[in-house]
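Written out below as structure tokens is the structure these notes cover.
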Amino acid sequence: MSDIEWGSEAKEAPKKKARLPKWLWFCGGGCLLALIASAVIAFVVFRVASEKLDPEKQWTALAEVLPYDERPADYMLIPTGALAAMAPGVDNGWQFTKGGASVQLQLYAPGQRADELRERLETGDLGESKQQFGPLGFHAPSAGQFEIQGRKLNYVRFQTFEESESPGDAQAQAGDSAAGSEQAPVKEPTEEVAQEPVEEPIEEPSSFKQAMEMATKQRVMLVDITPEGREGALLLIYSRFSGTTPVEQRDIEDFLQHFRIDGKK
């Protein structure tokens, strides 16, 4: 018997299937590359953030800028303070808490930003009072210089809220309200008219109110503690929440007693 030929199709080898559709490279290639780039960026950001938020590495980096013999036991290091380095001109940052106070250390890279900040602290000029920065204000600024560990440090002190009105203004407003009530007396309801129930406003939880007050009412002191001969700037920002009492020199001394602000190791 003769072999049966089934045509040229039988002689052709089966085509290999492509691993990726061709349209992906032409139509969706841009999206694929964007996804790969996003994944790489996310990995790099996560790795950098993990290193920045490592408390041990933060203490090591701080010792290079502000040497210390022992870590202060009464101040707690907050790892997220290192995220301040994401701001323009900031090389690194550290944040501590103690009770109702927060202490931030911000290291600025050499340049115009650092020079400007140091000059403003030296002259005491941080801008006009009563200007707003979002929900916070800049009120009652004052500037000066005090000596700690043999060094003269420039500082600026201010508060983020406006002082309450004086008693005289409050009494005047009360008098105006009383006069207005005499001109428009309120009609007393009769027995035939039923009074509608008055809905009392729902008060927010006191804890939430306290948190908001702590966040918006702060007394702040900025101190230039840049070691002599060092380029850039190292600023200490001491914030007291709830607006209770102003930040004083003794508060700065209480924190800096654990460090050597001369920069010598």
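Heavy-atom basis, side chains included; hydrogens, waters and symmetry copies ignored.
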- side chain to side chain contact (heavy atoms under 4.5 Å, CB included) between K217 and Q159: does it pass, once the steps are laid out? CA-CA 7 Å; K217 290 188 176 182; Q159 59 194 45; over 6 Å; no

- Message: Please report the interatomic distance CD(E248) to CE(M221), rounded to the nearest 0.5 Å.
- Response: 6.5 Å

- Would you call E64 and R230 a salt bridge, using N to O less than 4.0 angstrom? no

- Beyond-backbone contact of I225 with L235, side-chain heavy atoms, under 4.5 angstrom: no

- Message: Could you tell me if the side chain of Q95 sits less than 4.5 Å from the side chain of L105, heavy atoms only?
- Response: no

- Could you tell me the separation between the CG atom of N154 and the CD atom of E122, rounded to the nearest 0.5 Å? 5.5 Å

- Message: I need the single residue from L222, T226, V223 that forms a side-chain contact (heavy atoms from CB on, under 4.5 Å) with L121. Which is it?
- Response: L222

- Message: Any heavy-atom pair between the side chains of Y75 and H258 that's under 4.5 Å?
- Response: yes

- Query: Is the backbone of S102 close enough, under 3.5 Å, to the side chain of T97 for a donor and an acceptor to pair up by distance?
  - Reply: no

- Item | Flag side-chain contact, heavy atom, 4.5 Å: Q249 against I148 | yes

- Task: Report yes if the side chains of L107 and V90 come closer than 4.5 Å at any heavy-atom pair, otherwise no.
- Result: no

- Query: Is there a side-chain contact between V220 and V247 (heavy atoms, below 4.5 Å)?
  - Reply: no

- Assess the side chains of Q257 and E253: does a donor N or O sit below 3.5 Å from an acceptor N or O? no

- Query: Looking at A233 and R118, what are the two nearest heavy atoms and their distance?
  - Reply: CB-CG, 3.7 Å

- Task: Would you check, one step at a time, whether the test side chain to side chain contact (heavy atoms under 4.5 Å, CB included) holds for D69 with R260?
- Result: CA-CA 8 Å; D69 294 323; R260 298 192 296 274; 2.5 Å; yes

- Query: Does the ring center of F259 lie less than 6.0 Å from the ring center of W59?
  - Reply: no

- Checking R157 side chain against A143 main chain: does a donor-acceptor pair fall under 3.5 Å? no

- Query: Nearest heavy-atom pair of P246 and R240: which atoms, and what distance?
  - Reply: O-NH1, 3.0 Å

- Side-chain donor or acceptor of W94 paired with backbone N/O of Q58 under 3.5 Å: yes

- Item | Side chain proximity check, P227 to D262, heavy atoms < 4.5 angstrom | no

- Message: As an exercise, state the distance from CG of D125 to CD of E116, rounded to the nearest 0.5 Å.
- Response: 10.0 Å

- So which heavy atom on V156 is nearest to which on G124, and how close? CG2-CA, 3.9 Å

- Roughly how far apart are E56 CD and T60 OG1, rounded to 0.5 Å? 6.5 Å

- Message: Are I78 and F96 packed together at the side-chain level, in the sense that at least one heavy-atom pair is separated by less than 4.5 angstrom?
- Response: no

- Item | From NZ (K98) to CZ (F255), nearest 0.5 Å | 10.5 Å

- Worked check of side chain to side chain contact (heavy atoms under 4.5 Å, CB included) between L153 and I261: CA-CA 10 Å; L153 306 177; I261 61 176; 4.1 Å; yes

- Does CD belonging to E147 count more than 12 external heavy atoms closer than 6.0 Å? yes

- Message: For a quick check under 3.5 Å, do Q106 and Y108 share a side-chain donor-acceptor pair by atom type?
- Response: yes

- Item | Interatomic spacing from CG in L256 to OH in Y238 - rounded to 0.5 Å | 10.5 Å

- What about the rings of Y155 and F146, do their centers lie closer together than 6.0 Å? yes

